[in-house]
Enquirer: 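Would you mind keeping the following structure in view while I ask a few things?
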Amino acid sequence: MVIEMETETADRTREVGRVLAKLLQPRDTVVLTGDLGAGKTTLVQGIGRGLGVKDHVASPTFTLVREYTGRLDVAHVDVYRLERIQDVVDLALEEVGGPERVLLIEWGDAVQDLLPEDRLRVRLTTDRADGETRRIVISAQGQSWVARWERLEGALEPFRAIHPDAPAGGAAR
Ligand code: ADP
Ligand code: MG
């Protein structure tokens with residue numbers, strides 16, 4: 001289960017987040033990976049918008065965790081450096097933001113052993129020379145995403161990356 005996309009602007013990345021947010025359910029975990037400046041926080045801003053969060057969504061770089069309320073409660077965590085890993089361990093993630101909250105965790109791979117099996121992974125990369133285009137690859141593990149996958153694929157269809165050299169009909173699944 002993989003969906004590959006490309007966005008040409010930060011707003012377009014927010015739009016991906018907004019669409020993705022429609023599929024989110026209580027207690028979901030979304031792990032965001034990608035280098036500094038790849039667009040993880042930008043995408044989280046879109047998810048916040050999609051969940052009807054009214055507050056401005058800013059990077060939790062200095063606070064470790066920021067909490068928001070919209071259609072769902074949201075906890076946004078950023079594990080951006082090694083010393084943060086212990087902070088996140090101490091945080092008892094399952095207790096942050098209430099039992100129903102959605103967890104959006106930047107650099108979440110660094111603490112994956114602390115995360116539920118069932119999760120969505122979003123990887124952002126900047127492999128285009130233009131400095132703007134981002135490649136976004138979404139993958140999932142867990143039963144709850146199997147059930148939602150077709151809907152997610154359908155919703156994200158407008159952002160699909162076009163692969164000129166991919167075999168015909170060989171779109172990534
Ligand atoms: P991260 O959280 O991964 O460190 P941010 O989201 O804070 O990254 O920063 C991404 C930066 O890149 C922002 O300044 C944003 O405006 C810019 N940007 C330019 N093009 C894009 C794009 N296509 N998608 C996301 N961000 C983009
Ligand atoms: Mg960030």
Side-chain angles (χ1 to χ4, degrees), residues 2-24 28-70 72-91 93 96-97 101-112 114-115 119-140 152-153 155-164 166 171-172:
V2 176
I3 301 172
E4 297 187 30
M5 289 159 288
E6 264 179 20
T7 60
E8 281 164 5
T9 63
D11 271 342
R12 193 76 175 147
T13 295
R14 288 188 191 94
E15 195 61 16
V16 168
R18 196 182 63 78
V19 169
L20 171 60
K22 292 182 190 165
L23 276 295
L24 292 176
D28 274 343
T29 299
V30 180
V31 170
L32 298 119
T33 65
D35 294 341
L36 204 65
K40 300 179 296 297
T41 300
T42 300
L43 195 124
V44 168
Q45 288 170 344
I47 293 176
R49 193 177 297 172
L51 291 175
V53 170
K54 295 281 183 277
D55 293 346
H56 174 67
V57 173
S59 175
T61 301
F62 300 104
T63 51
L64 186 60
V65 56
R66 287 178 187 266
E67 294 173 40
Y68 302 94
T69 301
L72 303 171
D73 291 333
V74 179
H76 179 196
V77 173
D78 189 357
V79 196
Y80 75 110
R81 51 182 195 206
L82 278 179
E83 59 258 43
R84 273 294 173 81
I85 293 177
Q86 189 57 46
D87 294 342
V88 175
V89 171
D90 295 343
L91 195 61
L93 276 177
V96 171
R101 60 86 182 107
V102 169
L103 176 66
L104 309 175
I105 181 162
E106 298 188 35
W107 303 104
D109 276 1
V111 293
Q112 58 181 316
L114 301 176
L115 301 177
R119 60 187 183 243
L120 199 68
R121 186 167 184 272
V122 182
R123 192 162 68 90
L124 295 110
T125 47
T126 54
D127 45 9
R128 290 291 187 86
D130 64 18
E132 289 264 12
T133 302
R134 301 296 193 265
R135 183 169 195 78
I136 304 178
V137 179
I138 297 188
S139 55
L152 186 63
E153 275 185 328
L156 293 174
E157 186 63 41
F159 305 95
R160 280 298 178 88
I162 295 154
H163 304 281

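Start at 1 and go down the list; that is how both ligands and their atoms are numbered. Atom set for the values below is all heavy atoms of this structure, side chains included, hydrogens, waters and symmetry mates excluded. On a predicted model such as this, the values are computed, not experimentally measured, just so you know.
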Enquirer: Where is the nearest protein heavy atom to atom 25 (C) of ligand 1: which residue, which atom, and how far?
Expert: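 Among all protein heavy atoms, the one nearest atom 25 (C) of ligand 1 is T13 OG1, 3.4 Å.
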Enquirer: Would you say R134's side chain and A38's backbone share a donor-acceptor pair under 3.5 angstrom?
Expert: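 Yes, because the side chain of R134 sits within donor-acceptor range (under 3.5 Å) of the backbone of A38.
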Enquirer: Using a plain distance cutoff, I'd like to know if T133 has any nitrogen or oxygen under 3.5 Å from a nitrogen or oxygen of ligand 1.
Expert: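 No; the residue has no nitrogen or oxygen that sits under 3.5 Å from a nitrogen or oxygen of the ligand.
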Enquirer: Can you report which non-hydrogen protein atom sits closest to atom 11 (C) of ligand 1, along with the distance?
Expert: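 For this ligand atom, the closest protein heavy atom is G37 O, 3.8 Å.
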Enquirer: Looking at atom 19 (C) of ligand 1, what's its closest protein heavy atom, distance included?
Expert: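 Protein heavy atom with the smallest distance to atom 19 (C) of ligand 1: E132 OE1, 3.3 Å.
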Enquirer: Only one of I47, V31, L43, L120 forms a side chain to side chain contact (heavy atoms under 4.5 Å, CB included) with L104, so which one is it?
Expert: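 Of I47, V31, L43, L120, side chain to side chain contact (heavy atoms under 4.5 Å, CB included) with L104 is met by I47 alone.
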Enquirer: May I ask you to decide if S59's main-chain N or O and R66's side chain share a donor-acceptor pair within less than 3.5 Å?
Expert: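 Between the backbone of S59 and the side chain of R66 there is a qualifying donor-acceptor contact (under 3.5 Å).
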Enquirer: Using a 4.0 Å cut-off to any heavy atom of T7, which atoms of ligand 1 qualify?
Expert: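 Atoms satisfying the 4.0 Å criterion: 23 (N), 24 (N).
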Enquirer: Tell me if the CZ atom of R84 is crowded by more than 12 foreign heavy atoms within 6.0 Å.
Expert: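 Yes, the 6.0 Å shell around CZ holds more than 12 heavy atoms from other groups.
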Enquirer: By number and element, which atoms of ligand 1 are closer than 4.0 Å to a non-hydrogen atom of E8?
Expert: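 Every atom of ligand 1 under 4.0 Å from some heavy atom of E8: 23 (N).
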Enquirer: So, 4.0 Å and heavy atoms of L32: is ligand 1 close enough to count as a contact?
Expert: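 So L32 does not count as touching ligand 1.
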Enquirer: Any heavy-atom pair between the side chains of R119 and Q112 that's under 4.5 Å?
Expert: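 Contact flag for Q112/R119 side chains = yes.
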Enquirer: Heavy atom under 4.0 Å from ligand 1: found in T9's side chain, backbone, both, or neither?
Expert: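 The part of T9 near ligand 1 is the backbone, not the side chain.
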Enquirer: Rounded at 0.5 Å granularity, tell me how far CG in L23 sits from CG in L156.
Expert: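 Between atom CG of L23 and atom CG of L156 there are 7.5 Å.
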Enquirer: Is the shortest side-chain heavy-atom distance between L93 and L115 below 4.5 Å?
Expert: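 The answer is yes; the side chains approach within 4.5 Å.
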Enquirer: Any nitrogen or oxygen of A38 lying under 3.5 Å from a nitrogen or oxygen in ligand 1? Just yes or no.
Expert: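 For ligand 1, there is an N or O atom that lies under 3.5 Å from one belonging to A38.
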Enquirer: E106: which N/O/S atom is nearest the Mg ion (ligand 2)?
Expert: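 Relative to the Mg ion (ligand 2), the closest nitrogen, oxygen or sulfur of E106 carries the name OE1.
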Enquirer: Side-chain contact, heavy-atom cut-off 4.5 Å: L114 with L91?
Expert: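 Answer no - side chains too far apart.
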Enquirer: Considering only the protein, which heavy-atom contact is closest to atom 8 (O) of ligand 1, and what is its distance?
Expert: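 Closest protein heavy atom to atom 8 (O) of ligand 1: G39 N, 3.1 Å.
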Enquirer: Quick check: R14 and ligand 1, any N/O pair under 3.5 Å apart?
Expert: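 R14 vs ligand 1: no N/O contact under 3.5 Å.
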Enquirer: With respect to the Mg ion (ligand 2), please indicate if Y80 possesses an N, O or S atom at a distance under 2.8 Å.
Expert: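 No - counting backbone and side chain alike, Y80 has no N, O or S atom under 2.8 Å.
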Enquirer: Where on E106 is there a heavy atom closer than 4.0 Å to ligand 1, on the side chain, on the backbone, on both, or on neither?
Expert: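 It is the side chain that gets close, since no backbone atom is under 4.0 Å.
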Enquirer: Run down the list T41, D35, T61 and name the one with the heavy atom closest to atom 2 (O) of ligand 1.
Expert: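 Shortest heavy-atom distance from atom 2 (O) of ligand 1: T41.
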Enquirer: For R12 and E15, what are the C-alpha separation, side-chain angles and deciding distance, and is it a salt bridge (Lys or Arg N to Asp or Glu O under 4.0 Å)?
Expert: CA-CA 5 Å; R12 193 76 175 147; E15 195 61 16; 6.0 Å; no
Enquirer: Going by heavy atoms, is R134 under 4.0 Å from ligand 1?
Expert: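 R134: in contact with ligand 1 (<4.0 Å).
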Enquirer: Out of G131, A10, S59, G46, whose heavy atom sits nearest atom 26 (N) of ligand 1?
Expert: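 Looking at heavy atoms only, A10 sits closest to atom 26 (N) of ligand 1.
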Enquirer: Return the closest protein heavy atom for atom 13 (C) of ligand 1 as residue, atom name and distance.
Expert: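 Nearest neighbour among protein heavy atoms for atom 13 (C) of ligand 1, to 0.1 Å: T42 OG1, 4.1 Å.
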Enquirer: Does the E6 side chain pair with the main chain of A161, one donor and one acceptor, at a distance under 3.5 Å?
Expert: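 It does not hold such a pair.
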Enquirer: Counting distance only, does the side-chain N/O of K40 pair as donor-acceptor with the main-chain N or O of W107 below 3.5 Å?
Expert: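 Such a contact is absent between K40 side chain and W107 backbone.
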